[in-house]
Every structure is written in structure tokens, then in C-alpha cells.
Amino acid sequence: METWSLISICVLLGLTTRWAVSFSSYSGAGKAPMFGDYEAQRHWQEVTYNLPVKEWYFNTTDNDLGYWGLDYPPLTAYHSLLCAHIAKLIDPAWVELHTSRGYESASHKLFMRTTVLFADIVIYIPAVILFCFYLTDGSSKKKVATALCILLYPGLILIDYGHFQYNSVSLGLALWGVVGLGLGWDLLGSLAFTLALNYKQMELYHSLPFFCYLLGKCIKQGLMGKGLLLLVKISLTVLVTFAFCWWPFLSDPQQILQVLHRLFPVDRGLFEVCPLTRSSDLTCLSFPHVS
Ligand SMILES: *[C@@H]1O[C@H](CO)[C@@H](O)[C@H](O)[C@H]1NC(C)=O
């Protein structure tokens with residue numbers, strides 16, 4: 001069979017598996033008062049839609065940080081805002097301030113699941129295909145087999161479509177970073193990885209290889225010549241991307257400090273918020289529970 005038909009079948013298999021898993025319940029369904037990550041994501045839509053940016057990361061009368069306070073970087077918040085605008089069009093009750101807490105319904109679940117699938121189709125799956133075709137060795141058949149294995153990897157499917165999270169966004173952007181670097185587009189790769197970092201701070205796990213690879217490339221080209229120019233270009237790309245993502249917070253140092261404090265709550269310990277109801281991202285990555 002032609003390679004393109006094989007790869008289409010892989011993608012369709014991947015999509016079917018994802019959608020099949022999404023029919024099951026999500027973690028925390030029906031479990032008041034905190035529910036699970038599904039409610040966290042829905043609550044972030046409610047908060048970002050109804051409150052001014054300056055309040056997103058602060059505890060205020062309208063934003064109780066004790067109840068799923070926003071603790072991911074700004075790109076996640078913007079993504080929530082985007083989803084909230086669509087949610088508002090379909091059913092305003094889904095993102096009503098305060099009264100939407102713990103909102104659950106079949107149509108809302110369909111909406112939430114669709115947002116995950118959409119992000120996967122737009123960001124993660126194309127990166128996987130490009131990675132397999134341009135950056136792995138071997139015959140076309142082997143590349144197709146690699147793509148199939150990655151697209152059917154159970155860990156990611158169970159957490160995003162069972163438990164409920166958007167890891168395909170951060171992992172997809174990081175993979176776009178790998179594709180960029182692998183193809184020699186260092187600036188585009190740096191841009192993609194910086195976006196990943198600004199979507200989910202867990203991408204810091206992957207930052208050391210990116211940093212070492214890029215710095216090594218600059219050193220190889222000579223830090224007194226071409227390498228220096230590359231280093232400056234990469235640094236500027238990263239800085240400008242960060243500035244772009246953090247724009248609404250940059251005018252006030254208090255805002256920057258508060259966002260950082262929410263992202264890295266050192267005083268609360270790494271396994272944060274409500275020990276009994278929130279499985280931290282670290283634990284749920286190791287033990288996804290689809291209940
Ligand atoms: C945060 O705000 C809520 C009300 O929105 C309040 O009940 C809670 O005590 C506040 N928490 C802190 C730590 O100030």
C-alpha cells in the first residue's frame with residue numbers, strides 16, 4: 001500500500017482509540033467538592049473569561065485560589081480563555097462565574113473532550129508524523145510503524161482522554177521543537193519549545209537537552225564568529241517569545257512574582273493544593289486512573 005494511505009490509517013486508528021477512551025468517565029466525575037482535573041480546566045475557563053487578567057493568578061473575592069487556582073503558565077490561561085469563548089457561545093452556564101462550579105453534563109463532557117481532540121489534531125499528531133518521516137531512519141514501512149507506536153502510546157491517551165488533561169499541547173509543542181532542531185531550523189525549534197514551556201512548566205524536564213544541544217551547536221560553530229551570531233539569535237527568539245506570552249503581566253513586578261509563585265509553589269511543596277483530591281501532574285503521569 002502507498003505510504004500515505006498507511007499513515008492515514010495510523011492517524012485514523014489513533015483518533016478512533018482516543019475517541020473511544022473519551023467515552024469513559026474522567027477522574028473526579030461526580031466527586032464534590034473538588035471533582036478532578038476536568039473541573040480544574042473548566043474552572044480556568046470560568047476564571048479567565050469572567051475576570052480581568054490582573055486577577056487570574058491572585059486570590060480575590062471572585063477568584064478563590066483554594067479552589068483550583070490557576071497554577072500553569074500564561075499560555076494555558078489563554079487556551080482556557082479561547083475555550084471559554086466557544087463554551088459561552090454554546091451554553092453560558094458552562095462558564096458562569098461562581099454558579100458553574102462543578103458543572104457536569106453529557107453535552108459539556110462532549111465539548112471538553114472535543115477541545116482535547118482538537119488540540120491533539122492541530123498540534124501533536126502533525127508533529128509526530130513529521131518527526132517519524134524526517135527524523136527517523138529506515139524504510140517507509142518502519143517509519144509508519146514508529147508513527148503507529150507513538151500515536152497509540154497508552155500513557156498519553158489515558159491521561160488526556162481518560163483522566164483529562166491537555167498534555168498533547170505541551171508535548172506536541174516540544175516535539176515541534178525537536179522537529180525544528182532536527183531539520184536545522186533552530187529558531188523555529190526554539191520558538192516551539194519556548195511555547196511548550198509557557199504552556200506547562202513540566203516541560204522544564206525537557207529543557208536541558210534543548211539547551212545543551214543549542215549551546216553545543218553554537219560552540220561548534222565558534223563562539224568568536226558564526227556561533228556567537230547564532231547564540232544571539234536563539235537568545236532573542238526565546239526572550240521575545242517569553243515576552244509575548246507574559247505580555248499582560250510584564251507591566252507590574254507584583255504580577256510576575258505572583259505568577260512565578262503559582263507556577264513554583266516552593267512553600268507548599270511540589271505535590272500541592274489538596275492532597276486528597278488533586279493528583280499532582282507528577283503522580284498522575286505515573287499512575288493514570290481512569291475511573
Ligand atoms: C482567597 O479568597 C477566598 C474568597 O474568594 C477566601 O475564602 C480565602 O480565604 C482566600 N484565601 C487566602 C489564602 O487569602
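The model shown is predicted, which means the values in this text are computed figures rather than measured ones. These numbers come from the heavy atoms of this one structure, side chains and all, not from hydrogens, waters or symmetry mates.
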Chemist: Are Leu75 and Phe244 joined in one hydrophobic group, where the rule is that I, L, V, M, F, W and Y side chains link up if heavy atoms are under 4.5 Å apart?
Modeler: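 No, Leu75 and Phe244 fall in different hydrophobic clusters.
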Chemist: Would you call Cys218 and Leu223 a side-chain contact if the rule is heavy atoms closer than 4.5 Å?
Modeler: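 They are in side-chain contact.
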Chemist: Can you tell me how far OG1 of Thr60 sits from CG of Leu51, rounded to the nearest 0.5 angstrom?
Modeler: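 Output value for this atom pair is 6.0 Å.
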Chemist: Would you say the side-chain atoms of Asn198 pair up with the backbone N or O of Pro73, donor to acceptor, closer than 3.5 Å?
Modeler: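 Side chain of Asn198 to backbone of Pro73, a donor-acceptor pair under 3.5 Å: no, none is there.
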Chemist: Measuring from Leu6:CG to Ser140:OG, what's the distance to the nearest 0.5 Å?
Modeler: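 Here the rounded value is 9.0 Å.
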Chemist: Counting distance only, does the side-chain N/O of Lys143 pair as donor-acceptor with the main-chain N or O of Phe133 below 3.5 Å?
Modeler: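 Pair found, side chain donor or acceptor close to backbone of Phe133.
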Chemist: So which heavy atom on Ser190 is nearest to which on Val238, and how close?
Modeler: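 Minimum heavy-atom separation between Ser190 and Val238: CB-CG2, 4.3 Å.
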Chemist: Pick one: which of Tyr199, Tyr166, Trp44 meets side-chain contact (heavy atoms from CB on, under 4.5 Å) with Tyr72?
Modeler: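 It is Trp44; the other options fail the test.
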Chemist: Are the side chain of Glu55 and the backbone of Asp62 linked by a donor-acceptor contact shorter than 3.5 Å?
Modeler: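 A pair under 3.5 Å: no.
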Chemist: Report yes or no: does Lys88 contribute a side-chain atom to a donor-acceptor pair with the main-chain N or O of Val95 at less than 3.5 Å?
Modeler: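 No, because the side chain of Lys88 does not come within donor-acceptor range (under 3.5 Å) of the backbone of Val95.
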Chemist: Over all heavy atoms of both residues, which pair between Tyr78 and Cys245 is shortest? Give the atoms and the distance, please.
Modeler: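 Heavy atoms of Tyr78 and Cys245 come nearest at OH-O, 2.6 Å.
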Chemist: Are the side chains of Val169 and Tyr124 in touch, meaning some heavy atoms are under 4.5 Å apart?
Modeler: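 Contact flag for Val169/Tyr124 side chains = no.
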Chemist: Do Ser107 and Asp91 touch side chain to side chain, with heavy atoms closer than 4.5 Å?
Modeler: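 The answer is no, as the side chains (C-beta and beyond) never meet within the 4.5 Å cut-off.
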Chemist: Answer yes or no: is there a donor N or O on one side and an acceptor on the other, between the side chain of Arg42 and the main chain of His108, under 3.5 Å?
Modeler: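 It does not hold such a pair.
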Chemist: Would you check, one step at a time, whether the test side chain to side chain contact (heavy atoms under 4.5 Å, CB included) holds for Ile150 with Thr146?
Modeler: CA-CA 6 Å; Ile150 300 179; Thr146 310; 4.2 Å; yes
Chemist: Kindly indicate, with the supporting measurements, whether the criterion side-chain hydrogen bond (donor to acceptor under 3.5 Å, both in side chains) is fulfilled by Ser100 and Glu46.
Modeler: CA-CA 8 Å; Ser100 63; Glu46 171 198 340; 3.1 Å; yes
Chemist: Taking atom types as modelled and ignoring hydrogens, do the side chains of Glu203 and His206 form a donor-acceptor contact shorter than 3.5 angstrom?
Modeler: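 Yes, because at least one side-chain N or O of Glu203 sits under 3.5 Å from a partner of the opposite role on His206.
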Chemist: Determine, step by step, whether Ile90 and Phe111 satisfy the side chain to side chain contact (heavy atoms under 4.5 Å, CB included) criterion, reporting the C-alpha distance in whole Å, the side-chain angles of both residues, the deciding distance to 0.1 Å, and the verdict.
Modeler: CA-CA 9 Å; Ile90 305 174; Phe111 166 72; 3.8 Å; yes
Chemist: Search all heavy atoms of Tyr67 against all heavy atoms of Pro33 and return the closest pair with its distance.
Modeler: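 What the structure gives for the nearest pair is CE1-O, 3.3 Å.
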Chemist: Would you say that Val259 contacts Trp56 through its side chain, given a criterion of any heavy-atom pair below 4.5 Å between the two side chains?
Modeler: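 Not in contact.
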Chemist: Quick check: do Leu229 and Gln221 have side-chain heavy atoms less than 4.5 Å from each other?
Modeler: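 When only atoms from C-beta onward are counted, Gln221 and Leu229 do not touch, as no gap falls below 4.5 Å.
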Chemist: CH2 of Trp19: more than 12 outside heavy atoms within 6.0 angstrom?
Modeler: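 Above 12, so yes.
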Chemist: Check for a donor-acceptor pair, side chain of Gln45 on one end and backbone N or O of Leu81 on the other, with a separation under 3.5 Å.
Modeler: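 No: the side chain of Gln45 does not pair with the backbone of Leu81.
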Chemist: Quick one, Ile125 with Leu15, criterion side chain to side chain contact (heavy atoms under 4.5 Å, CB included). Give me CA distance, side-chain angles, the key distance, then yes/no.
Modeler: CA-CA 9 Å; Ile125 294 176; Leu15 292 177; 3.6 Å; yes
Chemist: Report yes if the side chains of Ser27 and Asp37 come closer than 4.5 Å at any heavy-atom pair, otherwise no.
Modeler: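 No, their side chains stay 4.5 Å or more apart.
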Chemist: If hydrophobic clusters are built by linking Ile, Leu, Val, Met, Phe, Trp and Tyr wherever their side-chain heavy atoms come under 4.5 Å apart, do Phe118 and Val128 end up in the same one?
Modeler: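 Yes; Val128 is reachable from Phe118 via cluster members.
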Chemist: Search all heavy atoms of Leu151 against all heavy atoms of Ile157 and return the closest pair with its distance.
Modeler: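 Shortest heavy-atom contact: O-CD1, 3.7 Å.
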Chemist: How far does CD of Gln255 sit from CH2 of Trp246, to the nearest 0.5 angstrom?
Modeler: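 If we round to the nearest 0.5 Å, Gln255:CD and Trp246:CH2 are 10.0 Å apart.
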Chemist: Do Gln258 side-chain atoms and Asn59 backbone N/O form a donor-acceptor pair below 3.5 Å?
Modeler: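 Here the side-chain-to-backbone pair does not exist.
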Chemist: Assess the residue pair Tyr26 and Tyr38 against the criterion (ring pair (Phe, Tyr, Trp, His ring centres under 6.0 Å)); give the C-alpha distance rounded to whole Å, side-chain angles, the decisive distance to 0.1 Å, and a yes or no.
Modeler: CA-CA 7 Å; Tyr26 45 86; Tyr38 176 96; 3.7 Å; yes
Chemist: Determine whether Val53 and Leu257 fall in the same hydrophobic cluster, where Ile, Leu, Val, Met, Phe, Trp and Tyr are linked whenever their side-chain heavy atoms lie under 4.5 Å apart.
Modeler: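 Cluster IDs for Val53 and Leu257 differ.
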Chemist: Report yes if some heavy atom in the side chain of Phe164 is under 4.5 Å from a heavy atom in the side chain of Glu39; otherwise report no.
Modeler: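 Result no, sub-4.5 Å side-chain heavy-atom pair not found.
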Chemist: OH/Tyr49 to CD1/Ile86 distance, rounded to the nearest 0.5 angstrom?
Modeler: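 One finds 11.5 Å between OH of Tyr49 and CD1 of Ile86.
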Chemist: If we ignore hydrogens and angles and just use 3.5 Å, is the side chain of His163 paired with the main-chain N or O of Leu158 as donor and acceptor?
Modeler: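 Pair absent, no side-chain N/O of His163 close to backbone of Leu158.
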Chemist: Provide the closest heavy-atom pair for Ser24 versus Gly162 in the form atom of the first, atom of the second, distance.
Modeler: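 Minimum heavy-atom contact is OG-CA, 4.5 Å.
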Chemist: Mind listing the closest non-hydrogen atom pair of His98 and Thr61 along with its distance?
Modeler: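 Shortest heavy-atom separation between His98 and Thr61 comes out as CE1-O, 4.2 Å.
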Chemist: Hey, does the Lys NZ or Arg CZ of Arg113 hover above the aromatic six-ring of Tyr161, less than 6.0 Å from the centre and inside 45° of the axis?
Modeler: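 Not flagged: Arg113 not positioned over aromatic ring of Tyr161.
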Chemist: May I ask you to decide if the ring planes of Phe210 and Phe193 are parallel, tilted or perpendicular, using 30° and 60° as cut-offs?
Modeler: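 Phe210 vs Phe193 ring planes: parallel.
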Chemist: Same cluster or not: are Leu231 and Trp185 linked, directly or through other Ile, Leu, Val, Met, Phe, Trp or Tyr residues, by side-chain heavy atoms under 4.5 angstrom apart?
Modeler: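 Different clusters.
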Chemist: Is Asn63 reaching over with its side chain to a backbone N or O of Phe58, donor-acceptor style, under 3.5 angstrom?
Modeler: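 A pair under 3.5 Å: yes.
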Chemist: Can you tell me how far the CG atom of Leu181 sits from the CG atom of Leu214, to the nearest 0.5 Å?
Modeler: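 If I round to the nearest 0.5 Å, the distance is 4.5 Å.
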Chemist: Scan Val116, Asp120, Ile121, Asp160 and name whichever one has a side-chain contact (heavy atoms from CB on, under 4.5 Å) with Arg18.
Modeler: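 When Val116, Asp120, Ile121, Asp160 are each tested with Arg18, the side-chain contact (heavy atoms from CB on, under 4.5 Å) holds only for Asp120.
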Chemist: Following the transitive rule for hydrophobic clusters with a side-chain heavy-atom cut-off under 4.5 Å over Ile, Leu, Val, Met, Phe, Trp and Tyr, establish whether Val122 and Ile7 coincide in one cluster.
Modeler: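 Val122 and Ile7: one cluster.
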Chemist: Is a side-chain N or O of Gln41 found less than 3.5 angstrom from the main chain of Gln165, in a donor-acceptor match?
Modeler: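 Such a contact is absent between Gln41 side chain and Gln165 backbone.
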Chemist: At what distance, to the nearest 0.5 angstrom, does CZ of Arg262 lie from CD of Gln201?
Modeler: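 Reported to 0.5 Å precision, the distance equals 10.5 Å.
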Chemist: Out of Leu191, Leu236, Leu197, which residue meets the side-chain contact (heavy atoms from CB on, under 4.5 Å) rule with Thr241?
Modeler: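 It is Leu191; the other options fail the test.
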Chemist: Should Glu104 and Phe35 be marked as a side chain to side chain contact (heavy atoms under 4.5 Å, CB included) after you check the CA-CA gap, both sets of side-chain angles, and the distance that decides it?
Modeler: CA-CA 10 Å; Glu104 289 178 308; Phe35 305 90; 3.6 Å; yes
Chemist: Find out whether Arg101 and Asp64 are in side-chain contact, i.e. whether some heavy atom of one side chain is under 4.5 Å from a heavy atom of the other.
Modeler: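 Answer yes - side chains close enough.
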Chemist: So for atom CZ, which belongs to Phe211, do other residues, nucleotides or ligands contribute more than 12 heavy atoms lying within a distance under 6.0 Å?
Modeler: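 Counting neighbours around CZ of Phe211, 12 or fewer heavy atoms of other residues, nucleotides or ligands fall under 6.0 Å, so no.
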